[in-house]
Number of protein chains: 2
Amino acid sequence: MLDFVILGFLYDSRLHGWELRTRISALTGHVRPVADGTLYPAIKRLVDATLVLKNIEAGSIAAPRHMLELSPVGESRLLRMLREPEEVYITDENHWFCLLAFLRHLEDPAAQAAVLKRRLKFLSTPASFFYDGDKPLSAEDLDDPFRRGVLEIARATSRTELQWLKKTIGELEDKGGRAAVRN
Amino acid sequence: MLDFVILGFLYDSRLHGWELRTRISALTGHVRPVADGTLYPAIKRLVDATLVLKNIEAGSIAAPRHMLELSPVGESRLLRMLREPEEVYITDENHWFCLLAFLRHLEDPAAQAAVLKRRLKFLSTPASFFYDGDKPLSAEDLDDPFRRGVLEIARATSRTELQWLKKTIGELEDKGGRAAVRN
DNA sequence: TGAGCATACCTCGGCGCCGATGTATTTTCC
DNA sequence: GGAAAATACATCGGCGCCGAGGTATGCTCA
């Protein structure tokens, strides 16, 4: 996921590692902080893979800064990851939020809508956290107040998100439709 | 997290690895499936650390099953992890839901309430996913519909969970109070 | 009877994450 | 003028995760 987020931020603007660290911390850091020892090797991998270009500039505040920039290869990689995200980006909320944070970089409204539809489909398939054999248990079936909480919270989130998904997919399809008419 | 979940399920009943796998898949599998190559080494580590006891029984359906059982050491480890969970169990929703799934094993309502209060405090400190410099951006500040979605959904979840937390903490404190009066 | 499937367990290599540690520069403040 | 803090980058060892592959058992059904 780190790779994806780095590419996402670099799509917007050239950044040095430290600034990248700040932005990633803002996006995912309250959940799980990013360690230096994770970020710099990740950058190095991306540079070695020529997805990211690096050139050194004099530091304005402290040590010389290594400015990072998305290469054309990196750009197309990012766009592919946005257009055809791996399953975990659809199912895991942390991944999903990162995906949403950069989905605007996909210019085509239809492609954006397609991604939202995958999430919609995932959220629509009934699933519980707890089962009695094969039977999914709902909040009412449980004595445990904490497990009931899990289900209540998950259900509320799911409801909100489904609403948002349907609304936004609608808007995107309107936009796509109008664009098609214009052509 | 896997270690924690294994201990949690074994607190309830003796299980063999396969059954454990089924339950873990139900709890966290729709988000991120558990691979065999992750589960069995994890069990092995726990057995080596004498947190879990293993003894082989004839398989009722297929191959001989390795029945797993929580040792007294494993039990106290689990209870400590519940009573004083690491920060990531408070901040990351996936971890937090796992914690909630087993929080009932902590018998003391005051200790349960203390854990919920940590989550309450975390959710109460304002945080955004996106910043303009130091200023956290709210949904209204954003043009990007997807980023706005992230904030809307996160906010709705947060609201629901805060309500549930307050309600449940109240109930636990009532219970604790009545128990204290009885003594 | 034997092919195929579900059950059940295990190992290994590759790779990524993380904490600890190190280095260097510049700003701040006493 | 010097200590401390913030900025900025990097490496390394340990360890956990994961996919791929392997072994074995027992049930089902043709």
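Reminder, nothing fancy here: chain letters follow the sequence lines and each chain counts from 1. Worth saying up front: this structure is predicted, and the values here are computed from it rather than measured. Below, all heavy atoms of this structure are taken into account, side chains as well, without hydrogens, waters or symmetry copies.
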Are B:Y11 and B:F102 an aromatic pair by the rule of ring centers under 6.0 Å? no
So what does A:G17 touch, heavy atoms closer than 4.0 Å: a base, only the sugar-phosphate, or nothing? sugar-phosphate
I'd like to check the side-chain hydrogen bond (donor to acceptor under 3.5 Å, both in side chains) partners of A:T160; sequence neighbours left out, ordered by chain and number. none
With no hydrogens and no angle check, is any side-chain donor or acceptor of A:Q112 less than 3.5 Å from a backbone partner on A:L106? yes
Closest non-hydrogen atoms of B:A139 and B:L151, given as atom of the first, atom of the second and distance, are N-CD1, 3.5 Å
For A:D12, check side-chain hydrogen bond (donor to acceptor under 3.5 Å, both in side chains) against everything at least two apart and list the hits. A:R104, A:H105
Between D:dC17 atom P and B:N94 atom CG, what is the distance in whole Å? 14 Å
Can you tell me the distance, in whole Å, between the CD1 atom of A:I43 and the P atom of D:dA8? 13 Å
If you assign each of B:H16 and A:P33 to its closest nucleotide in DNA chain C, which residue comes earlier from the 5' end? B:H16
If every non-hydrogen atom of B:V88 is compared with every non-hydrogen atom of A:V31, which pair is closest and at what distance? CG2-O, 4.2 Å
Can a side chain N or O of A:H66 be found less than 4.0 Å away from OP1 or OP2 on D:dA10? yes
Once side-chain contact (heavy atoms from CB on, under 4.5 Å) is applied, do any residues pair with B:Y131, and if so which ones, sequence neighbours excluded? A:A26, B:A127, B:S128, B:P136
Atom CD1 of A:I56 and atom C1' of D:dC9 are separated, to the nearest Å, by 10 Å
Distance check: side-chain N/O of B:Y40 vs OP1/OP2 of C:dC10, anything under 4.0 Å? no
Please determine whether any donor N or O and acceptor N or O are separated by less than 3.5 Å between the side chain of B:D36 and the base of C:dC10. yes
Closest approach to the side chain of A:K44, judged atom by atom: which nucleotide of D:dT7, D:dT11, D:dG19 is it? D:dT11
In this structure, how many angstroms lie between the C1' atom of D:dA10 and the CG atom of A:D48, rounded? 13 Å
Which atoms form the tightest heavy-atom contact between B:A101 and A:D144, and what is the distance? O-OD2, 4.1 Å
Considering only residues two or more places apart or on different chains, which pairs with a residue in residues 80-102 of chain A satisfy salt bridge (charged side-chain N to carboxylate O under 4.0 Å, His left out)? A:E87-A:R118
How many whole angstroms separate atom CH2 of B:W18 from atom P of C:dC10? 12 Å
Value in whole Å for how far the P atom of D:dC9 lies from CG of A:L39: 9 Å
Specify the separation, in whole Å, of atom CG of A:L46 and atom C1' of C:dC17. 15 Å
Does OP1 or OP2 of C:dC18 have a side-chain N or O of A:R32 closer than 4.0 Å? yes
Does the ring center of B:F4 lie less than 6.0 Å from the ring center of B:H95? no
Polar atom pairs (N or O), protein with nucleotides 13-16 of chain D, under 3.5 Å:
none

To the nearest 10°, give me the bend of the helix from C:dT1-D:dA30 to C:dC30-D:dG1, comparing the axes of its five terminal pairs at either end. 20°
Between C:dC18, D:dA8, C:dT11, which nucleotide gets closest to the side-chain atoms of B:P41? C:dT11
